[in-house]
Amino acid sequence: MVQVKEIVVGNRYEVQPKNFHRGVIGTINRVEDGSIVIKVENYDICDRGKVNPDRLLEINTSDIKYLIDDSCFFS
């Protein structure tokens, strides 16, 4: 189980929403009343029909996998 201490607006996270096949990378756009909205930056093509054109996606804390910071490297 992943433990998230603090969710910060503007930080990037990898999340795994329950109805998605793969993880999604996005920036926290808004946190209010238990609702978290991210602006999706990257997602797998198999989930293309699940991301709206505005790229805003509502998630909850259990969907968050980890914080993406400057030490993360993608190849």
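Quick note: numbers below take in every heavy atom, side chains included, and nothing from hydrogens, waters or symmetry partners. Index from 1, following the sequence.
Considering only heavy atoms from C-beta on, Val40 stays 4.5 Å or farther from Ile25 through its side chain.
Taking CD1 from Ile28 and OH from Tyr13, the interatomic distance works out to 6.0 Å, rounded to the nearest 0.5 Å. Atoms CZ and OH, from Arg55 and Tyr43 in turn, are 5.0 Å apart once rounded to the nearest 0.5 Å. In this structure, CD on Gln16 lies 5.0 Å from NZ on Lys65, to the nearest 0.5 angstrom.
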Residues Ile7, Ile36; criterion side chain to side chain contact (heavy atoms under 4.5 Å, CB included); working and verdict: CA-CA 9 Å; Ile7 299 167; Ile36 303 168; 3.4 Å; yes

From CA spacing to verdict: side chain to side chain contact (heavy atoms under 4.5 Å, CB included), Asn42, Val24: CA-CA 6 Å; Asn42 195 348; Val24 173; over 6 Å; no

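Applying the salt bridge (charged side-chain N to carboxylate O under 4.0 Å, His left out) test to pairs two or more places apart or on separate chains, those with a residue in residues 31-40 are Arg30-Glu32.
Here the closest non-hydrogen pair linking Gly23 and Glu14 is CA-OE2, 3.7 Å.
Side-chain heavy atoms closer than 4.5 Å link hydrophobic residues (I, L, V, M, F, W, Y) into clusters, and following such links, even through other members, never connects Ile64 to Val8. Cluster annotation: Val37 is not connected to Leu67 through the hydrophobic network of ILVMFWY side chains, with a link wherever side-chain heavy atoms come within less than 4.5 Å.
Of the residues listed (Ile59, Leu57, Asp63), the one engaging Phe20 in a side chain to side chain contact (heavy atoms under 4.5 Å, CB included) is Leu57, and it is the only one.
No donor-acceptor distance shorter than 3.5 angstrom exists from the side chain of Asn29 to the backbone of Leu56, with no hydrogens or angles considered.
Asn60 meets the side-chain hydrogen bond (donor to acceptor under 3.5 Å, both in side chains) test with Ser62; sequence neighbours excluded. Partners of Glu41 according to the side-chain hydrogen bond (donor to acceptor under 3.5 Å, both in side chains) rule, which considers only residues two or more places apart in sequence or in another chain, are Arg12, Thr27.
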